[in-house]
K.L.:
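Structure in structure tokens, see below.
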Amino acid sequence: MSLSFDFVQPAPEPAADRVTLFADVILPLPLPRLYTYRVPFELSDQVVIGGRVLVQFGAKRTLSCIVAAVHQTPPAAYQAKYILEFIDDAPVVTQPQLKLFGWIAEYYLCTLGEVINAALPSALKLSSESRVQLHPAYEPDNHPYPLGEQEQKVVDALSTGEEVGKSLTFTEVGEVLGIASFHKYIKSLMQKDVVFLFEHLKDKFSPKVVKKVRLAHRYVAEAALEELFGQLASKAKQLDVVMRYLQRVPVYQSEHANHRGLEKAALTSAPHLSPSAVNTLIKNGILEQFDQIVSRFPLDEDDAQANMHFTLSETQVEARDAVMREFQTKDIVLLHGVTGAGKTEIYIDLIKQALDGGGQVLYLLPEIALTAQIVTRLMRVFGSRLGVYHSKFSDNERVEVWNGVLSGRFQVVVGVRSAVFLPFDNLSLTIVDEEHESSYKQYDPAPRYNAREVALMMAHFQGSKTLLGSATPAVETYYQARAGRYGLVSLTKRFGEAGLPEIVLVDTRKSREQKTMLNHFTPELMAEMESKLAQQEQVILFQNRRGYAPFINCLDCGWIPKCTNCAVSLSYHKQAHELRCHYCGHHDRMPTQCPACGSRNVKTVGFGTEKIEDDLKVMLPQANVQRMDLDTTRAKNSYQQIISDFEQQKTNVLVGTQMVTKGLDFANVSLVGIINADSIIHYPDFRAHERAFQMFVQVSGRAGRKGKKGRVIIQTADPEQVIFDKVMRNDYLEFYEYEITQRREHGYPPFMRIIRLTVKHVDVTVGERAALLLTQELVNRLGREAVLGPEAPYIFRIRNFYLQEITIKLSREHTVLKAAKADVIAAMDIVRDQKEFKQVRLAADVDPM
DNA sequence: AGCACGCCGACT
DNA sequence: GTCGGCGTGCTC
């Protein structure tokens, strides 16, 4: 090659090593495919798989998305847009997570975007609608890092005007700076703790602040302190405070320690110190008071090696050893332990071992079982290594847990369903407690996943052992254990010699005939309640229906108010004095007279928790009755409050829905009443018996602890029903044998897999026609016998959409299942492509519960 | 999911 | 004559 002496610079030849990278990204939208964007060449070394990038999607929208793959293949059919910015320099979604998310999308017939959407706390999902706010701790005059010109502009825009906590959207920030590429400034402002981001208005940052004090800077030197002692010689109270402060904070050893200070409460609420002396010291400038924003998950130094010791009972040791023995040959073990057998202690012991081995641990609990009781207990053992993931947490708190798992700060996480999405990469033990719980299954927005199954798959991918625990295992789970695919360990003895409760059936039909019913209570239940209360013992009553009455009825013309949007009658809620729909938000004022005929003869029919509570207050005036259902636990801490009141015996009777059946341990409860067992048994689906058995056994388990034998009274109109016999003897095995035979005969899980398709449309006939077409397409692919329906469900209209359901039964065999799912998707696509069905909504629910 | 483009009713 | 209703299609 000859050198050219041209003065014109030749166009730069693309160097052989100049490769253009492309990134396939997952957008947080329900789109079936990944989208390919081009990586700006200068930024090639910044692409991180699992990191977030900012892209332009469509004409208007800017979205953050997750990089799923990086490659060098330019898309053939279109020109890829450039990635605008890189948000992370390390993955926020780990490789094992990406693999798991892919599995979820495939198995549960949804898109990766839907999985990402459910998985990421919304503060990790940025869009042009994301907002920035000045960090509450930011003080312009006292900030450690200098700000650049552009950064200052953003801060100025956020601090102009009177408004406190003013925020701007990304779009607005772009306008303020007048440039397109502004994310780097936001990023650096975030790193300097000047601003923070949030996605929804409700997520505005409200930090948890503690008041702290420290010694004023000029006293930190030893000589100055001596002088201070002199000044305070005649002020004993103040001197005491200063001495205590010096005792707690090693001021001499490090100035830094003084800077960190001490919680004010440590001085003001100490037994021999005077709070007013503390305030005088602050007033005189000897102590400085300041606010500190603290993590909601305190790194408690005193707690660091808090490994509280407790000893397992002999039975527990045996069970633990049996679990470990099973783990040597099996990856999954079912721990079948009666209620009150002390499974939690066994879990804690196993978690400790897993942590000692250096792995991560995920401990899943159903929503209602994740209480302060259990968290406190785990905190005491695992201290700051424990992360808690609860649905009532704010988004900021969720991000904190997410990042804590990524950084390794949290090695154990106890959490609800969605905790399976956390970024674990080295799981060694997964525990799914109460594995039979239906709240592990997400029903409405996709992904309609079962956290137990997802946890099993995650454990499989990461080589983790999984322990499933339950007193009443799901039939599917027990079947696997029986077949030898899962290890099985049974714990049949209750902890602390508490016997299993005695279960009594009372016939409500008989009582009705004899006219001895007292409202909805049989004389037997009433007498038993009175006797237990007289002995200062507590009572739990279970009624599986909230509100006062399921409907009201005009006695003169028969009018029953119905929801305008759904095919259900409206429930009467007495406290709110409203008629409410339990399926949509609809509510009306309770009418004083019948709107149809004007009669005042309108009566409530049936009963819910609210009526039980009301009646009891009249019938047992000496008792303190509390209700626990969706209506009384909506506020953030109300659930906790109700439980702690009951625990401290401020309340004697707890009336509630499902919520009272799970995982609550109260030592003083000696009676459990199930007010209407029949409403639980008579349910139109194949799991009705299983659900009823589980509910009865679980709620019975609340009775009798600490050596006291409990009593359970079940009210039913038909005591002859087969299920009672098994419940009364607490015979899970017998129940299982009966149920598994039924399932085999009728072709239900675990012998068959079920996929339920729901077709929704505002117009009945369009919905019906779409459902028929879908059925036909399914039959063509899967055969007539695999497809049931279409059929309108019992509640055939919800939120103004008419519903049709199709049930598909498939062989369990893996390859068959996979192929069948492809057929289901194809059939759904055919319906969707039909012009007249464009407005039809189709949803697939794999393994519905 | 949003957002633009496009084709039919009540209004400055 | 237009503004705007929401049906339809597309987004790298």
Side-chain angles (χ1 to χ4, degrees), chain A residues 19-41 43-44 47 49 51-87 98 101-102 104-105 108-131 169-172 174 180 199-201 442 444-448 758-763 765-767 769-770 799-802 828-844:
Chain A
V19 284
T20 304
L21 297 181
F22 294 89
D24 296 340
V25 301
I26 310 170
L27 288 154
L29 300 173
L31 298 169
R33 293 179 303 105
L34 298 182
Y35 282 72
T36 305
Y37 284 84
R38 184 176 177 150
V39 179
F41 176 72
L43 303 175
S44 290
V47 225
I49 291 182
R52 290 170 302 164
V53 293
L54 214 57
V55 299
Q56 180 91 41
F57 185 64
K60 271 251 164 71
R61 289 200 291 169
T62 306
L63 292 171
S64 73
C65 48
I66 303 289
V67 176
V70 177
H71 55 84
Q72 297 174 27
T73 323
Y78 52 87
Q79 188 67 41
K81 284 186 185 170
Y82 277 102
I83 287 174
L84 300 178
E85 306 213 21
F86 291 85
I87 302 173
L98 286 174
F101 293 174
I104 294 172
Y108 289 106
L109 301 175
C110 67
T111 68
L112 261 180
E114 286 167 323
V115 181
I116 283 286
N117 229 349
L120 295 195
S122 59
L124 292 178
K125 291 177 282 188
L126 308 178
S127 68
S128 22
E129 297 312 302
S130 296
R131 309 183 76 90
T169 65
F170 276 21
T171 317
E172 289 164 341
E199 195 66 9
H200 303 292
L201 284 176
Q442 168 148 314
D444 204 19
R448 297 181 177 77
T758 307
V759 179
K760 307 182 203 181
H761 197 272
V762 282
D763 186 308
T765 55
V766 178
R769 272 186 286 130
R799 292 173 191 270
N800 285 321
F801 279 86
Y802 285 90
M828 284 168 66
D829 283 343
I830 287 195
V831 175
R832 275 194 264 254
D833 287 347
Q834 225 69 29
K835 257 210 161 52
E836 74 167 316
F837 298 144
K838 277 286 177 298
Q839 299 290 67
V840 171
R841 295 194 198 175
L842 298 179

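Worth knowing before you read on, the calculation uses all heavy atoms, side chains too, and leaves out hydrogens, waters and symmetry mates. Residue numbers begin at 1 in each chain, while the letters A, B, ... track the order of the sequences.
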K.L.:
Could you go through nucleotides 3-5 of chain C and list every protein N or O atom that sits under 3.5 Å from one of its N or O atoms, giving the distance for each pair?
P.N.:
none

K.L.:
Rounded to the Å, how far apart are Ile116(A) CD1 and dA1(B) C1'?
P.N.:
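The answer, rounded to whole Å, is 16 Å.
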K.L.:
Give each protein N/O atom lying under 3.5 Å from an N/O atom of nucleotides 6-12 of chain C, with the pair distance.
P.N.:
unit_1: dG9(C); atom_1: OP1; unit_2: Lys835(A); atom_2: NZ; d: 3.4
unit_1: dT11(C); atom_1: O3'; unit_2: Gly58(A); atom_2: N; d: 3.2
unit_1: dC12(C); atom_1: OP1; unit_2: Tyr37(A); atom_2: OH; d: 3.2
unit_1: dC12(C); atom_1: OP1; unit_2: Gly58(A); atom_2: N; d: 3.4
unit_1: dC12(C); atom_1: OP2; unit_2: Lys81(A); atom_2: NZ; d: 2.5
unit_1: dC12(C); atom_1: O3'; unit_2: Thr36(A); atom_2: O; d: 2.9
unit_1: dC12(C); atom_1: O3'; unit_2: Lys81(A); atom_2: N; d: 2.7
unit_1: dC12(C); atom_1: O2; unit_2: Thr36(A); atom_2: N; d: 3.0
unit_1: dC12(C); atom_1: O2; unit_2: Tyr78(A); atom_2: OH; d: 2.1
unit_1: dC12(C); atom_1: N3; unit_2: Tyr78(A); atom_2: OH; d: 3.2
unit_1: dC12(C); atom_1: N4; unit_2: Arg33(A); atom_2: NH2; d: 2.6

K.L.:
Under 3.5 Å, is there a donor-acceptor pair linking the side chains of Tyr82(A) and Arg38(A)?
P.N.:
yes
K.L.:
What donor-acceptor contacts under 3.5 angstrom involve side-chain atoms of residues 27-36 of chain A, with partners at least two apart or in another chain?
P.N.:
unit_1: Thr36(A); atom_1: OG1; unit_2: Asp24(A); atom_2: OD1; d: 2.9

K.L.:
Measuring only between side-chain heavy atoms, which start at C-beta, is Leu43(A) closer than 4.5 Å to Phe86(A)?
P.N.:
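Leu43(A) reaches Phe86(A) side chain to side chain.
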K.L.:
Using side-chain heavy atoms (C-beta onward) and a distance below 4.5 Å, is Arg52(A) in contact with Ile66(A)?
P.N.:
yes
K.L.:
Using a 3.5 Å distance criterion without hydrogens, assess whether the side chain of Tyr37(A) forms a donor-acceptor pair with backbone atoms of Gln56(A).
P.N.:
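Yes, the answer is positive, given that a donor and an acceptor are paired below the 3.5 Å cut-off.
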K.L.:
Is it the case that the side chain of Lys81(A) and the backbone of Gly58(A) share a donor-acceptor pair, with hydrogens and angles ignored and the cut-off at 3.5 Å?
P.N.:
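Yes, the answer is positive, given that a donor and an acceptor are paired below the 3.5 Å cut-off.
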K.L.:
Check whether any side-chain heavy atom of Val53(A) lies under 4.5 Å from a side-chain heavy atom of Ile87(A), and answer yes or no.
P.N.:
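Not in contact.
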K.L.:
Any donor and acceptor pair, going by atom type alone, linking the side chain of Gln834(A) with main-chain N or O of Val831(A) inside 3.5 Å?
P.N.:
no
